[in-house]
Amino acid sequence: MTTPHPLVDQFQRRITYLRLSVTDRCDLRCSYCMPERMTFLPRKDVLTLDEMHDLALGFIARGITRIRLTGGEPLVRRDMIDLVRALGRRIDAADGHGRLEELTLTTNGTRLAEFSEDLRSAGVRRINVSLDTLDRARFAALTRRDSLPQVLEGLAAAKAAGLKVKLNTVALKGINEAEIADIVAWAHGQGFEATLIEVMPLGEVDEDRFDHYLPLSVVQDDLARRWTLAPSDHRTGGPARYWDVVQTGGRLGLITPLTNNFCEGCNRIRVTATGQLYACLGGTEQVDLRAALRSDDPQAALSAGLDTAMRIKPARHNFAIDRRGNAPALPRHMSMTGG
Ligand code: SAM
Ligand code: SF4
């Protein structure tokens, strides 16, 4: 089926990928992501799961073919699996209301032991799991929770359920810097893909992110001294660039928003748990889709909101992490937009 009104922005980029944050709450407190005493959104402001479902259907009708559920921690939201099941029914649906090709999830892994089987049977095939260290004490210090055993158990459950796992690791100077190669080797040994991410200046935290900013160009040079990194033409439509690590036989992705701009091929749009559409992870351009959803003609208002988003989506993000003590480039935390 061809989509009657596909989402194409003013730079002729076709938008096919939605990242939907289902909650801003989380059971961890990664120090680069949020402060210990994080103020979460009042529950009344957050979309209900039914509203999120309607919202997703509106996007699918406009040609969104991939949805990633994220957060905060998506699996801490009560009954979240019902939304996964409902959206899972849109995968390869042939009823003329739009077809989803893929439903994925980004999670910290703490609840995967409980939900992996359900995710798989709902139609999820791939998940991203964030893990920045394999050292229990370091994990407890970095996330302010002693949950590494739970995460490792969750990863084992995901593997056993047949979910393809990509491990996401934020590279942090002076924290996990010396461990990155071991994490990549471990991931590849488990049959997981590994992706490294540069820390981004989003939202106030209890520290200066500049202290821990580690350019991936440095990490890559280090890994290249240890291993043969063969450039891969694998692409996911996302910002990562890939290498095949000859010695481990695994794939390595590098996401370098700060050292290397990835905006030209952007195919995505983000919606927060309160229904705010952000046209760019690094920008302030937004459309209030909650108002659209709560209007008299939600689907028409939603579609009009998406047209607005296509008009305001900027050519590129403009954040940089360059000076010690700088305020974050954007006041909102990554846990709002889900990365
Ligand atoms: N709680 C889930 C998780 O951790 O996977 C999903 C949401 S979390 C905000 C998504 C990703 O954003 C994680 O991989 C996390 O490491 C990353 N992240 C959070 N804050 C970040 C920041 N300031 N810079 C770069 N990555 C960040
Ligand atoms: Fe929670 Fe994910 Fe942020 Fe860590 S990165 S505090 S797990 S939302």
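One-based numbering, in listed order, for ligands and for the atoms of each. What you see is a predicted model; the values in this text were computed from it and never measured. As a basis for the values below, the full set of heavy atoms in this structure was taken, side chains included, without hydrogen atoms, waters or symmetry mates.
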Query - Lys/Arg-Asp/Glu bridge criterion (N-O < 4.0 Å) met for Arg66, Glu101 - result: no
Report task. Any atoms of ligand 1 less than 4.0 Å from a non-hydrogen atom of Ser130? List them with their elements. Result -> 3 (C), 4 (O), 5 (O), 13 (C), 14 (O)
Report task. Return a yes/no value for Ile197: is any of its N or O atoms, backbone included, closer than 3.5 angstrom to an N or O of ligand 1? Result -> no
Query raised in the report: ligand 1 and Gly71, any nitrogen or oxygen pair closer than 3.5 angstrom?
Result: no
**Report entry** Element-labelled atoms of ligand 1 that are located less than 4.0 Å from some non-hydrogen atom of Gly72
**Finding:** 1 (N), 2 (C), 6 (C), 7 (C)
Query - Pair Gln190-Lys159, side-chain donor/acceptor within less than 3.5 Å - result: yes
Query raised in the report: Would you say Leu75 and Leu49 are hydrophobically clustered, going by side-chain heavy atoms of ILVMFWY under 4.5 Å?
Result: yes
Query raised in the report: Do we see a donor-acceptor contact under 3.5 Å between the side chains of Thr169 and Asp132?
Result: no
Query raised in the report: Hey, are Asp146 and Arg136 close enough for a salt bridge, meaning a charged N less than 4.0 Å from a carboxylate O?
Result: yes
Query raised in the report: Hey, is Glu51 close enough to Arg294 for a salt bridge, meaning N to O under 4.0 Å?
Result: yes
Query raised in the report: Of all the heavy atoms in Gly72, does at least one lie under 4.0 Å from an atom in ligand 2?
Result: yes
Query raised in the report: Polar-atom distance check: Thr106 versus ligand 1, any N or O pair below 3.5 Å?
Result: no
**Report entry** Set of ring-ring contact (aromatic ring centres under 6.0 Å, His included) partners for His234, sequence neighbours left out
**Finding:** Tyr242
Query raised in the report: Between Arg99 and Asp92, is there a salt bridge with N-O shorter than 4.0 Å?
Result: yes
Query raised in the report: Going by distance only, is there an N or O of Tyr32 that falls short of 3.5 Å from an N or O of ligand 1?
Result: yes
Requested in this report: For Met200, counting its heavy atoms only, list the atoms of ligand 1 lying under 4.0 Å from any of them.
Outcome: 22 (C), 23 (N), 24 (N), 25 (C)
Report task. Would you check whether Met34 reaches within less than 4.0 Å of ligand 1, judged by its heavy atoms? Result -> no
**Report entry** Enumerated ligand 1 atoms positioned under 4.0 Å from heavy atoms of Glu198
**Finding:** 25 (C)
Report summary line: Contact region, Thr107 to ligand 1, non-hydrogen atoms below 4.0 Å, reads backbone
**Report entry** Proximal atoms of ligand 1 relative to Cys33 (non-hydrogen, under 4.0 Å)
**Finding:** 19 (C), 20 (N)
Report task. Determine whether the side chain, the backbone, both or neither of Val170 has a heavy atom under 4.0 Å from any heavy atom of ligand 1. Result -> side chain
Query raised in the report: Salt-bridged, Glu117 to Arg120, with N to O below 4.0 Å?
Result: no
Requested in this report: Determine, for Arg126 against Glu102, whether the closest basic-nitrogen to carboxylate-oxygen distance falls under 4.0 angstrom.
Outcome: yes
Query - Per-atom contacts, ligand 2 versus Cys30 - under 4.0 Å to a heavy atom - result: 4 (Fe), 5 (S), 6 (S), 7 (S)
Query raised in the report: Is there any N or O on Asn168 that sits under 3.5 Å from an N or O of ligand 1?
Result: no
Requested in this report: Specify whether an N/O/S atom of Cys33 falls short of 2.8 Å from atom 3 (Fe) of ligand 2.
Outcome: yes
Query raised in the report: Any ion pair linking Asp307 and Arg62 (charged N to carboxylate O, less than 4.0 Å)?
Result: yes
Query - Contacting atoms of ligand 1, where contact means under 4.0 angstrom from a heavy atom of Thr70 - result: 6 (C), 7 (C)
